[in-house]
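A short write-up of the structure that comes next.
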Amino acid sequence: MKKTISIILSAALLCGCALAGCGNSEPAKAKDPIDGIEAKASTDKYRNYYQIFTQSYCDSNGDGVGDFQGIISQLDYLNDGNPAGGDDLGIDALWLTPINPSESYHKYSVEDYYNVDESFGTLEDFDKLVEEAHKRGINIILDLVLNHISYKNPLFLEACEEVRQGKLDGKAQYFEFHKPDYYTSDTQVVEVGDYVCEANFSQTMPEWNLNSEKTREEFKNIAKFWLDRGVDGFRLDAVKYFENKETDGVAFLKWFVDTCREIKPDVYLVGEDWSEDSEIEEFYGSGIDSLFAFRFAQSFGDIVDAINLKKGQSLVKKMATYDGKMSGANDGYINAVFLSNHDQVRIANALESKGLEAEKFAANVYMLMPGNSFTYYGEEIGMTAPNTDSDKYYRLPMVFDSDNLPGITVDGASTVEAPANGGVKQQLADDNSLLNHYRRLITVKLQNPEIARGRITAQQDFGDKEVGAYYIEKDGEKLLVIHNFSSDEAKTLEITADMLPNAAVRADFTGSVKTNHIELKDGKITLPAYSSVILKSAG
Ligand code: CA
Ligand code: CA
């Protein structure tokens, strides 16, 4: 019965997607291996995340600032709630960068932890966003800044007042106030009276004292405030800086994770620690669900490096090593993989000389890694940064329609750049667009839940440095994922029974997937340049 339903649904999907081709007499298409496989919505913590910089996403009232109502108006694009059909991207979780009141456009300096910035809307608008997202099966996590605060936050101002009067046993205890000689000369501080407060990021962002019982009580209240409103978890900012002279960063993180789980047992927490593996491994000891895998992301990270240098085999080795290390530190860990975020140059810039096919291929590489994928808004349409000197150019307005560019201003810049292949509207109509490639990747992940939930159990060596291949296993299910990192050479590979008995193509990702499918014939398979395939034993 279930099978019949899913076949009907996928027939409906094909019809819906082929809008551009409706009525045309197109040549017969090769059979798509993913047709007829049921795509099931996720109900656990394993999600395809989408990062939104609210200011830059969608402006509902024309004041030049993106807002909650704007996001609500685009929810059906992100996920219409039907995993088997529609013109939606299919993501099932959002990470919103900070939404709290703040004078800074990026809002990482929080002036009130219990409210939203009025330029984004009201708390009621935010509640509506959560409600509408949940209706469609989309979870929402908020960026939570626990390392520092805004120098304009009333609690900090009251603490400063007391410190100036020499009183250090009151509100001062919330923050890292010390005598000037407490810090070494290379520590950034802000001066208040005869004392200084640690401020690693900016004079406008003094730091919380994470060891203080007062601070922890406050943090518990903040977490409860948002989790009670229906938020599904938090992205924790600047985890690296939790550690200082007297604070054990891992112990503090463990306390916060445990506290959140007491409030909401299925809360999802992901931390930002832009560091080497050994430090990330230590922080996984806190029991946190996820920490971003920075080493694979960024313009100089492992994925872009492997694509530029055609080093598929060595990338897969790094992926397998990383998976082994982090699952050793926390066996329930969920890798958090991404290509870029609001602090990094757009991936389309990083792969500029390689073009659209490389962008699609980069998407294959991170989306098919176990764990949760985080897609930065606009990455699915190949948005670019026209200038890489300043962060604001990594945060330019989302382009829904390249014939009708948005009037959003980001930190004083009204720059909008249409992606080379158009906005959402244009790319939805193009079967071979980057956007439709992302839609396919997410569909395949919903058809094969073991991709996100499994572990990399082994590498497969095909004797070719440009081919990266690995097995993902979960609950008796086993997949073989193969990537061809060559930009110009097809690879013919032999698939033997000891790799996978009775292997069959489960899904394929080529540059032009609607007309060109990868087939396994007589034990051999040919992957075009920059293509990927998933094999599974035929059931
Ligand atoms: Ca607005
Ligand atoms: Ca849908």
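Throughout, numbering of the chain's residues begins at 1 and tracks the sequence. Numbering of ligands and ligand atoms starts at 1, following listing order.
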Subject >> Cation-pi check, Lys224 onto Phe219 ring (under 6.0 Å, within 45° of axis) >> reply: no

**OP:** List the atom of Gly86, the atom of Arg439, and the distance in Å for their closest heavy-atom pair.
**Re:** O-NH2, 2.6 Å

**OP:** Kindly confirm whether the Ca ion (ligand 1) is within less than 3.0 Å of some N/O/S atom in Asn61?
**Re:** yes

Subject >> Quiz item: cation-pi between Arg395 and Tyr393, 6.0 Å / 45° >> reply: no

**OP:** Looking only at N, O or S atoms, find the one in Asp67 nearest to the Ca ion (ligand 1) and name it.
**Re:** OD2

**OP:** Quick one: the OD1 of Asp59, the Ca ion (ligand 1), OD1 of Asp63 angle, rounded to 10°, please.
**Re:** 80°

**OP:** Answer yes or no for Val65: is there an N/O/S atom below the 3.0 Å cut-off from the Ca ion (ligand 1)?
**Re:** yes

Subject >> Donor-acceptor side-chain pairing of Asp92 and Tyr50 below 3.5 angstrom >> reply: no

